[in-house]
Amino acid sequence: MSGSDACSPAQVARGSRDASSPQEPCYLLRNMINKSCWKLLAMLALVLVVMVWYSISREDRYIELFYFPIPEKKEPCLQGEAEMKASKLFGNYSRDQPIFLQLKDYFWVKTPSAYELPYGTKGSEDVLLRVLAITSYSIPESIQSLKCRRCVVVGNGHRLRNSSLGDAINKYDMVIRLNNAPVAGYEGDVGSKTTMRLFYPESAHFNPKVENNPDTLLVLVAFKAMDFHWIETILSDKKRVRKGFWKQPPLIWDVNPKQIRILNPFFMEIAADKLLRLPMQQPRKMKQKPTTGLLAITLALHLCDMVHIAGFGYPDAHNKKQTIHYYEQITLKSMAGSGHNVSQEALAIKRMLELGAVKNLTYF
Ligand SMILES: *[C@@H]1O[C@H](CO)[C@@H](O)[C@H](O)[C@H]1NC(C)=O
Ligand SMILES: *[C@@H]1O[C@H](CO)[C@@H](O)[C@H](O)[C@H]1NC(C)=O
Ligand SMILES: *[C@@H]1O[C@H](CO)[C@@H](O)[C@H](O)[C@H]1NC(C)=O
Ligand SMILES: *[C@@H]1O[C@H](CO)[C@@H](O)[C@H](O)[C@H]1NC(C)=O
């Protein structure tokens, strides 16, 4: 017999037959169990490593995964609290005021308005009718169904820079943003969630898809009749009007009409009247109006049960170098002639803070 015969098929076959001797199956079985045991152990170890890695990467879930679920650390929310506290500012106003304008109020019943824009819709009914026919007024079910709405109004102020408030901001039920304030690239400081964004044509971001979520409500704040015309030409793809704006608004604006809402000018009226004590009928020359930021707080006090603010406040008037926004290099000088009185607004916000109607997340 040569050595090569040891590996002949015959021998291998015999070998396997030999394996059926009384002791061998036991050994093989043990071997198999051992092997799968190791495999199982290795897999378990892998799962464990992944779990540990995952929970470390998300510290807040650590306890939930390994011990017991902890409720998310949210501040207690008292239903109706914001409304109650704000009633000291706005008087006995009613939550029955629709937040957004509705077609039926201009179609079936011609709701009379005491004021022209920005405080009312007098004289703009026809264009409004056409705009409301193609937009929507509903508040999303996800917000509607909340028992208590926690809201944060994110101002555009420089104090958000390096604030690291992004995660905290994303945890609110509603995040309300203003104008063209960017999110992309600033997530760590301002968060990435946008439930609502208030804007007017001149303040609309040219790339709305990048700076909003697919379900963000884009809330048009109309200051003048042209603002309704602008949104109509955009959404109905009519001939664009270029005149009548103080800054060129986007001519092409890629949004879904179902995302658009028209803010009820009632909120502009009470922000001007109750917070800033501006006369409703002003001479043409001294037209003063609330900023979008003050307007957003006013809106939040009607829509939410808890209202926090971040990124509000301007530099001192004598601080000529400090930039005013977290995302661009402009100073207070750019506010001249805007029709906003920022010191008057600061007093109004101070009053809201003192009443406890709102709470500040950044220095105010
Ligand atoms: C608001 O209405 C309530 C009763 O509905 C009344 O007690 C309260 O005095 C009113 N407040 C103001 C500021 O008018
Ligand atoms: C923000 O942080 C960066 C990097 O740490 C720093 O260079 C910058 O000066 C900070 N800005 C402000 C406004 O504090
Ligand atoms: C702005 O408000 C301040 C504080 O109320 C007031 O003193 C000032 O006169 C106002 N400025 C204008 C231009 O109305
Ligand atoms: C809110 O503003 C006050 C000053 O008005 C400040 O002392 C406080 O630190 C601010 N809160 C936060 C969380 O920044």
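One-based numbering, in listed order, for ligands and for the atoms of each. The figures that follow rest on heavy atoms only: side chains count, while hydrogens, waters and symmetry mates do not. Just so it is clear, the structure is predicted and the values come from calculations on it, not from any experiment.
What sits closest to atom 2 (O) of ligand 4 on the protein, heavy atoms only, is N360 ND2, 2.2 Å. The nearest protein atom to atom 4 (C) of ligand 4, hydrogens excluded, is given as F364 O, 3.4 Å; this is a heavy-atom distance. The protein heavy atom nearest to atom 5 (O) of ligand 3 is Q344 OE1, 2.3 Å. At the shortest separation from atom 10 (C) of ligand 3 among protein heavy atoms lies N341 ND2, 2.4 Å. The protein heavy atom nearest to atom 8 (C) of ligand 2 is N162 ND2, 3.6 Å. Protein heavy atom closest to atom 9 (O) of ligand 4, with residue, atom name and distance, is Y363 CD1, 4.5 Å.
Salt-bridge annotation for K224 and E202: present, with a side-chain N of the basic residue lying under 4.0 Å from a carboxylate O of the acidic one.
Nearest heavy atom pair, residue L276 against residue A348, reads CD2-CB, 4.3 Å.
At least one protein heavy atom sits closer than 4.0 Å to atom 14 (O) of ligand 2.
Looking at Q288 and N341, their side chains never bring a donor and an acceptor atom within 3.5 Å of each other. Side-chain contact annotation: Q322 with H158, donor-acceptor N/O pair under 3.5 Å present.
Counting atoms of ligand 4 from 1 in the listed order, those under 4.0 Å from a heavy atom of T362 are 1 (C), 14 (O). The atoms of ligand 3 that sit less than 4.0 Å from any heavy atom of Q288 are 12 (C), 13 (C), 14 (O).
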After noting the C-alpha distance and the side-chain angles of W253 and F199, does the key distance pass the ring-ring contact (aromatic ring centres under 6.0 Å, His included) rule?
-> CA-CA 13 Å; W253 206 50; F199 74 100; 5.0 Å; yes

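In this structure, I252 places its CD1 atom where only 12 or fewer heavy-atom neighbours from other residues, nucleotides or ligands lie under 6.0 Å away.
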